[in-house]
Trainee: 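The structure's right below; bear with me while I get my questions together.
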Amino acid sequence: QVQLQESRPGLVKPLQTLSLTCAVRGGSLTTTAYWWNWIRQSPGNVREFVAAITWSGSSTYYADSVKGRFTISRDNAKNTVYLQMNSLKPEDTAVYYCAADLYSGAYYHEMYKYWGQGTQVTVSS
């Protein structure tokens, strides 16, 4: 069974940088045609698509709210997906989830196959 494990919670000040990792266990980033995603949910809000990288790693997609600030990447040898978050804003505060899907949509949907447990990212002065 595929399991996704995000890195531990982080607390940063506005404009600072934080990196998240998603360790994929029980599966390979290169074998299965999953898109690998970062989804977030802030208190009182619905889940929101943040970023995705295709199964081949050849393309990346971002929500407009994070485009230019966040970068999703992957290390196939380590079976790990990353999210580099630059210039963080208080509104980026949320629980961030790593998720995999076969739907191939650069937006939030209800068809993610695997979810991580989520990790809290707090941006506050």
Trainee: Who pairs with D101 by salt bridge (Lys or Arg N to Asp or Glu O under 4.0 Å), at least two apart in sequence or on another chain?
Mentor: none

Trainee: Which residue pairs pass the salt bridge (Lys or Arg N to Asp or Glu O under 4.0 Å) test when at least one of the two sits in residues 11-20, sequence neighbours left out?
Mentor: none

Trainee: Please tabulate, one pair per line, all N/O donor-acceptor pairs under 3.5 Å involving side-chain atoms of residues 2-10, not counting sequence neighbours.
Mentor:
unit_1, atom_1, unit_2, atom_2, d
E6, OE1, Q117, N, 3.0
E6, OE1, G118, N, 3.0
E6, OE2, C98, N, 2.8
E6, OE2, G118, N, 3.2
S7, OG, T21, N, 3.1

Trainee: Taking only residues two or more places apart in sequence, or in another chain, which ones meet T17 in a side-chain contact (heavy atoms from CB on, under 4.5 Å)?
Mentor: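 T17: side-chain contact (heavy atoms from CB on, under 4.5 Å) contacts with Q84, N86.
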
Trainee: Side chains of residues 70-80: which donor-acceptor pairs under 3.5 Å do they make with residues two or more places apart or in other chains?
Mentor:
unit_1, atom_1, unit_2, atom_2, d
R74, NE, N76, OD1, 2.9
R74, NH1, T54, O, 2.6
R74, NH1, W55, O, 2.9
R74, NH2, L29, O, 2.7
R74, NH2, W55, O, 3.2
R74, NH2, N76, OD1, 3.1
D75, OD1, A77, N, 3.1
D75, OD1, K78, N, 3.2
N79, OD1, L29, N, 3.3
N79, ND2, V24, O, 3.4
N79, ND2, G27, O, 2.4
T80, OG1, K78, O, 2.9

Trainee: According to a hydrophobic-cluster definition based on side-chain heavy atoms being under 4.5 Å apart (Ile, Leu, Val, Met, Phe, Trp, Tyr only), do Y62 and V81 belong together?
Mentor: yes

Trainee: Considering only residues two or more places apart or on different chains, which pairs with a residue in residues 16-27 satisfy salt bridge (Lys or Arg N to Asp or Glu O under 4.0 Å)?
Mentor: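 Qualifying pairs, neighbours excluded: none.
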
Trainee: What do the steps show when you test L18 against V121 for side chain to side chain contact (heavy atoms under 4.5 Å, CB included), and what is the final call?
Mentor: CA-CA 9 Å; L18 183 66; V121 173; 3.8 Å; yes

Trainee: Indicate the atoms forming the closest heavy-atom contact of P14 with S125, along with that distance.
Mentor: CD-N, 3.7 Å

Trainee: According to side-chain contact (heavy atoms from CB on, under 4.5 Å), who are the partners of K113, at least two apart in sequence or on a separate chain?
Mentor: Y34

Trainee: Report the residues that fulfil side-chain contact (heavy atoms from CB on, under 4.5 Å) with V95, sequence neighbours left out, ordered by chain and then residue number.
Mentor: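 For V95, the residues satisfying side-chain contact (heavy atoms from CB on, under 4.5 Å) (neighbours in sequence not counted) are Y97, Q120.
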
Trainee: I need the full list of disulfide (SG to SG under 2.5 Å) pairs touching residues 62-93, with sequence neighbours left out, sorted by first then second residue.
Mentor: none

Trainee: In the single-linkage hydrophobic clustering (I, L, V, M, F, W, Y; side-chain heavy atoms under 4.5 Å), do L102 and W36 co-cluster?
Mentor: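 Yes, because L102 and W36 connect within a single hydrophobic cluster, where side-chain heavy atoms sit under 4.5 Å apart.
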
Trainee: Under a 4.5 Å cut-off applied to non-hydrogen side-chain atoms, are I53 and W35 in contact?
Mentor: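 Answer no - side chains too far apart.
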
Trainee: In the hydrophobic cluster built from side-chain contacts under 4.5 Å, what are the other members alongside M111?
Mentor: Y103, Y107

Trainee: Walk me through it: do W115 and I39 pass the test side chain to side chain contact (heavy atoms under 4.5 Å, CB included)?
Mentor: CA-CA 9 Å; W115 288 89; I39 310 295; 4.0 Å; yes

Trainee: Cluster question for you: counting only ILVMFWY and a side-chain heavy-atom cut-off of under 4.5 Å, with indirect links fine, are L83 and V123 together?
Mentor: yes

Trainee: Report all side-chain donor-acceptor pairs from residues 43-51 shorter than 3.5 Å, counting only partners two or more places apart or in another chain.
Mentor:
unit_1, atom_1, unit_2, atom_2, d
N45, ND2, S42, OG, 2.4
R47, NE, Q41, OE1, 3.3
E48, OE1, R40, NE, 2.9

Trainee: Which residues satisfy the ring pair (Phe, Tyr, Trp, His ring centres under 6.0 Å) test with Y82, sequence neighbours excluded?
Mentor: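 Residues passing ring pair (Phe, Tyr, Trp, His ring centres under 6.0 Å) with Y82: none at all.
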
Trainee: Closer than 3.5 angstrom, by distance alone: can the side chain of N37 be matched with the main-chain N or O of A52 as a donor-acceptor pair?
Mentor: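 Checked: no pair found.
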
